[in-house]
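Report on one structure; see the data block that follows.
Naming: A, B, ... by sequence-line order, numbering from 1 per chain. As a basis for the values below, the full set of heavy atoms in this structure was taken, side chains included, without hydrogen atoms, waters or symmetry mates.
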2 protein chains.
Amino acid sequence: MEKNICGVKKALSVIGGKWRIDILWHLAQHSNLRYNALKRALVGITNTTLNRSLNELLAYQLIHREQFDVSPPHVEYSLTAEGKKLIPVFEIINYLGLEMVQKKDTFSC
Amino acid sequence: MEKNICGVKKALSVIGGKWRIDILWHLAQHSNLRYNALKRALVGITNTTLNRSLNELLAYQLIHREQFDVSPPHVEYSLTAEGKKLIPVFEIINYLGLEMVQKKDTFSC
DNA sequence: CTGGATCCATGCCGATACTG
DNA sequence: CAGTATCGGCATGGATCCAG
């Protein structure tokens, strides 16, 4: 009866980018992070890309943005409940990915 | 202690393309398919893209290619054992994806 | 029927510079 | 500190033609 996998495509449209998984993962590890902490963690990312990614994830309500107007002002990002649901899935995919490429490889991280 | 998610990136490098998920999914539904059957199922795909995707999946040993030199000759593709391991994962991601985007959306399939 | 080769199009990502 | 704007490159996907 041919189920479709529309959901997979949706999911990939959210987590399929180059950095989004990394962002979600770091947030999962640290519960909340400031903008610059994220930027430091994601070695090589630029402001443009980090902001773009954060906005996309915000739009999908996977992360939460909280602004502190104290001095000096800062912003903290954290996973929403929706975002946290992703963690076990990442772990499955991770295991799978490690298995997939273990024999043949030129793939380096 | 900061586990990394190298496996997720590997996995995405395999299933992250525009059509690869579709191909795997159709193979999962039909157990084996000929080249043209796949092409018919994947509405809109071109030869170039289909071949490129098939070759990539072959390289990762997720699908199997069997050639029949009868007349007219044809080729059949099927999932390998490795490829079949992906099916339950797709279902998880699918469920997840459907949930993620159910409230807000402009996303159409 | 199957699929390689070549060229073209598009979209994601990044560098740089600038703002509240 | 936390972004935005603009511009450009590069990777990936597609169209078309051709071959075993």
Side-chain angles (χ1 to χ4, degrees), chain A residues 8-27 30 32-60 63-78 106-109, chain B residues 8-27 30 32-60 63-78 106-109:
Chain A
V8 175
K9 297 192 150 191
K10 288 180 182 173
L12 284 181
S13 75
V14 175
I15 63 168
K18 183 172 176 183
W19 292 100
R20 297 196 273 241
I21 289 270
D22 282 311
I23 293 171
L24 292 171
W25 188 254
H26 281 285
L27 288 175
H30 295 99
N32 64 352
L33 282 173
R34 296 161 63 144
Y35 182 89
N36 270 338
L38 261 176
K39 195 177 167 196
R40 243 174 287 118
L42 302 165
V43 180
I45 199 171
T46 60
N47 282 331
T48 310
T49 305
L50 179 52
N51 275 307
R52 192 166 24 214
S53 304
L54 287 173
N55 286 330
E56 287 158 354
L57 294 173
L58 278 170
Y60 280 108
I63 63 177
H64 173 71
R65 180 184 186 279
E66 189 164 5
Q67 184 159 356
F68 296 87
D69 284 330
V70 298
S71 178
H74 67 274
V75 177
E76 286 187 358
Y77 292 92
S78 56
T106 52
F107 192 108
S108 67
C109 261
Chain B
V8 175
K9 298 192 148 191
K10 287 180 182 173
L12 284 181
S13 75
V14 175
I15 63 169
K18 183 172 177 185
W19 293 99
R20 296 195 274 242
I21 289 269
D22 282 312
I23 293 172
L24 292 171
W25 188 254
H26 280 285
L27 288 175
H30 296 98
N32 65 351
L33 281 173
R34 295 162 63 146
Y35 182 87
N36 271 337
L38 262 176
K39 195 177 168 196
R40 244 174 287 116
L42 303 165
V43 180
I45 199 170
T46 61
N47 283 330
T48 311
T49 305
L50 178 52
N51 275 309
R52 192 186 298 149
S53 303
L54 287 172
N55 286 330
E56 287 158 353
L57 294 174
L58 278 169
Y60 280 108
I63 64 178
H64 172 71
R65 178 184 188 280
E66 189 164 4
Q67 184 159 358
F68 296 87
D69 285 330
V70 298
S71 177
H74 67 274
V75 178
E76 286 188 356
Y77 293 93
S78 56
T106 52
F107 192 110
S108 68
C109 259

Rounded to whole Å, please give me the gap between [atom1] in [X] and [atom2] in [N].
| X | N | atom1 | atom2 | value |
| --- | --- | --- | --- | --- |
| B/L50 | D/dA15 | CG | P | 13 Å |
| B/D22 | D/dG13 | CG | C1' | 14 Å |
| B/K18 | C/dT10 | NZ | P | 12 Å |
| B/N55 | C/dT2 | CG | C1' | 12 Å |
| B/D69 | D/dG20 | CG | C1' | 11 Å |
| A/E76 | D/dC1 | CD | P | 14 Å |
| A/Y77 | D/dA2 | OH | P | 8 Å |
| B/W19 | C/dG3 | CH2 | P | 18 Å |

Smallest separation among heavy atoms of [X] and [Y], with atom names:
| X | Y | answer |
| --- | --- | --- |
| B/I23 | B/S53 | CD1-CB, 3.5 Å |
| B/V43 | B/W19 | O-CH2, 3.5 Å |
| A/D22 | A/L42 | CB-CD2, 3.5 Å |

With a non-hydrogen cut-off below 4.0 angstrom, is [X] in contact with a base, only sugar-phosphate, or nothing?
| X | result |
| --- | --- |
| A/R65 | sugar-phosphate |
| B/F68 | nothing |
| A/N47 | base |

Among B/I45, B/N47, B/N51, find the one that has a side-chain contact (heavy atoms from CB on, under 4.5 Å) with B/T49.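 The residue from B/I45, B/N47, B/N51 that satisfies side-chain contact (heavy atoms from CB on, under 4.5 Å) with B/T49 turns out to be B/I45.
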Under 3.5 Å donor-acceptor, A/R20 side chain and A/V14 backbone: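 Yes; at least one donor-acceptor contact below 3.5 Å.
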Does a side-chain N or O of [X] approach OP1 or OP2 of [N] to a distance below 4.0 Å, or not?
| X | N | value |
| --- | --- | --- |
| A/T49 | C/dC13 | no |
| B/K39 | C/dG3 | no |
| B/N36 | C/dT2 | yes |

Among [options], which is the nearest nucleotide to the side chain of [X]?
| X | options | answer |
| --- | --- | --- |
| A/T48 | D/dA15, C/dG14, C/dG3 | C/dG14 |
| B/N51 | D/dA15, C/dG4, C/dG14 | C/dG4 |
| B/R34 | C/dT2, D/dC1, D/dG14 | C/dT2 |
| A/T46 | C/dG14, C/dG3, C/dC1 | C/dG14 |

Upstream residue (5' side of DNA chain C) when A/G17 and A/P73 are each assigned their closest nucleotide: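 Of the two residues, A/G17 wins.
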When only distance counts, do a donor and an acceptor, one from the side chain of A/R52 and one from the base of D/dG3, lie under 3.5 Å apart?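 There is none.
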